[in-house]
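Remarks on the structure that follows.
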Amino acid sequence: RQALEEMRGLYERNQADVSEAKSGRTDLIFLIRFRHCCLLRNQRCILAYLYDRLLRIRALRWEYGSVLPNTIQFHMSAEEVEWFNRYKKSLATYMRSVGGEEGLDLTQDIKPPKSLYIEVRCLRDYGEFEIDDGTTVLLKKNSQHFLPRWKCEQLIRQGVLEHILS
């Protein structure tokens, strides 16, 4: 805000000096050019600041998901919240367009997994669970299984399975 106020003041003084320079005062031309350079510098600084905020808001989508906590949203302007929502919709549209029928959730694994299979413990009776190769696994309470990571992540989020960390 301070930079914008400074820019407004510089612009108004330049406008006044330009009208005087047109009437014959050539000694003001250097001052007008100097103020113009100050305006351009402030403009570059403001644009760099806004671009940095934009990158941070984009990173929030990948870190927190599609819903931001209120503590973070409180510090955003209405335009930034609107940009976040448009980015969120654009990313969702893209993820649905790739990866076949179900789409591809790019936000699921930010870092590549160390292994494609994980060891899980069943926290409650679930019943039969079919894996892509056609085998079925009976998920009973307290049973442990070695399953493909991507197939059981949804069940982990639902609280049916628990990832056993060795």
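Values reported hereafter were calculated over all heavy atoms of this structure, with side chains retained and with hydrogens, waters and symmetry mates removed. Since we're looking at a predicted model, the values are computed, not measured.
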Taking all non-hydrogen atoms of both residues into account, name the closest pair between Lys140 and Cys122 and its distance. O-CB, 3.0 Å
Once the angle between the rings of Tyr126 and Phe129 is folded into 0 to 90°, is it parallel (under 30°), tilted (30 to 60°) or perpendicular (over 60°)? perpendicular
What verdict does the salt bridge (charged side-chain N to carboxylate O under 4.0 Å, His left out) test give for Arg1 and Glu5, after you've listed the backbone C-alpha separation in whole Å, the side-chain angles of each residue and the deciding distance to 0.1 Å? CA-CA 6 Å; Arg1 290 185 185 138; Glu5 289 299 319; over 6 Å; no
Using a 3.5 Å cut-off and no angle test, enumerate the donor-acceptor pairs between side-chain atoms of residues 30-39 and protein atoms at least two apart in sequence or in another chain.
from  : atom 1 : to    : atom 2 : distance (Å)
Arg35 : NH1    : Arg13 : O      : 3.4
Arg35 : NH1    : Asn14 : OD1    : 3.3
Arg35 : NH1    : Asp17 : OD2    : 2.5
Arg35 : NH2    : Asp17 : OD2    : 3.2

Side chains of Gln15 and Ser19 in contact at under 4.5 Å (non-hydrogen atoms): no
In the structure I gave you, are the side-chain heavy atoms of Ile57 and Met76 within less than 4.5 Å of one another anywhere? yes
Leu55, CG: over 12 other non-hydrogen atoms inside 6.0 angstrom: yes
If you define the side chain from C-beta out and look only at heavy atoms, does anything of Val160 sit under 4.5 Å from Arg124? yes
State, to 0.1 Å, how close Glu80 and Arg53 come at their nearest heavy-atom pair, and which atoms those are. OE2-NE, 2.5 Å
Look at the side-chain heavy atoms of Ile, Leu, Val, Met, Phe, Trp and Tyr, link any pair under 4.5 Å apart, and say whether Tyr11 and Leu47 land in one connected group. no
Ignoring hydrogens, what is the shortest heavy-atom contact between Ala3 and Ile46? Give both atom names and the distance. CB-CD1, 3.9 Å
OG1-CD distance between Thr135 and Glu130, expressed to the nearest 0.5 angstrom: 7.5 Å
Could you measure the distance from the CE atom of Met7 to the CZ atom of Arg41? Nearest 0.5 Å is fine. 11.0 Å
Only one of His163, Lys151, His145 passes side chain to side chain contact (heavy atoms under 4.5 Å, CB included) with Ile118; say which it is. His163
Let me check something: do Phe74 and Val81 share a hydrophobic cluster, defined by ILVMFWY side-chain heavy atoms less than 4.5 Å apart, either directly or through other members? no
Check for me, please, whether Leu40 and Val18 land in the same ILVMFWY cluster - side-chain distances under 4.5 Å, paths through other members count. no
Are any of the side-chain nitrogens in Arg8 or Glu12 under 4.0 Å away from the carboxylate oxygens of its partner? no
Between atom CG of Asn142 and atom CG of Leu139, what is the distance when rounded to the nearest 0.5 Å? 12.5 Å
Who passes side chain to side chain contact (heavy atoms under 4.5 Å, CB included) against Asn70, sequence neighbours left out? Gln73
Arg61 vs Tyr87 side-chain heavy atoms within contact, under 4.5 Å: yes
Under 4.5 Å between any side-chain heavy atoms of Val120 and Ile164, yes or no? no
Mark yes or no for whether Asp52, through its side chain, and Ala48, through its backbone, hold a donor-acceptor pair below 3.5 Å. no
Can you check whether Glu162 reaches Ile156 side chain to side chain, under 4.5 Å on heavy atoms? no
dist Cys152:SG -> Arg157:CZ (nearest 0.5 Å) comes out at 10.5 Å
Check the hydrophobic clustering (I, L, V, M, F, W, Y; side-chain heavy atoms under 4.5 Å; chains of links allowed) and say if Leu60 and Leu50 are grouped together. no
Closest heavy-atom pair and its distance - Ile131, Pro148: CG2-CG, 3.8 Å
Looking only at atom types and distance, does a side-chain atom of Ser90 sit under 3.5 Å from a main-chain N or O of Arg86, one as donor and one as acceptor? no
Verify side chain to side chain contact (heavy atoms under 4.5 Å, CB included) between Leu123 and Lys141, making sure each step is shown before the conclusion. CA-CA 5 Å; Leu123 299 175; Lys141 186 174 182 175; over 6 Å; no
Any heavy-atom pair between the side chains of Leu91 and Lys88 that's under 4.5 Å? no
Determine whether Ile72 and Leu54 fall in the same hydrophobic cluster, where Ile, Leu, Val, Met, Phe, Trp and Tyr are linked whenever their side-chain heavy atoms lie under 4.5 Å apart. yes
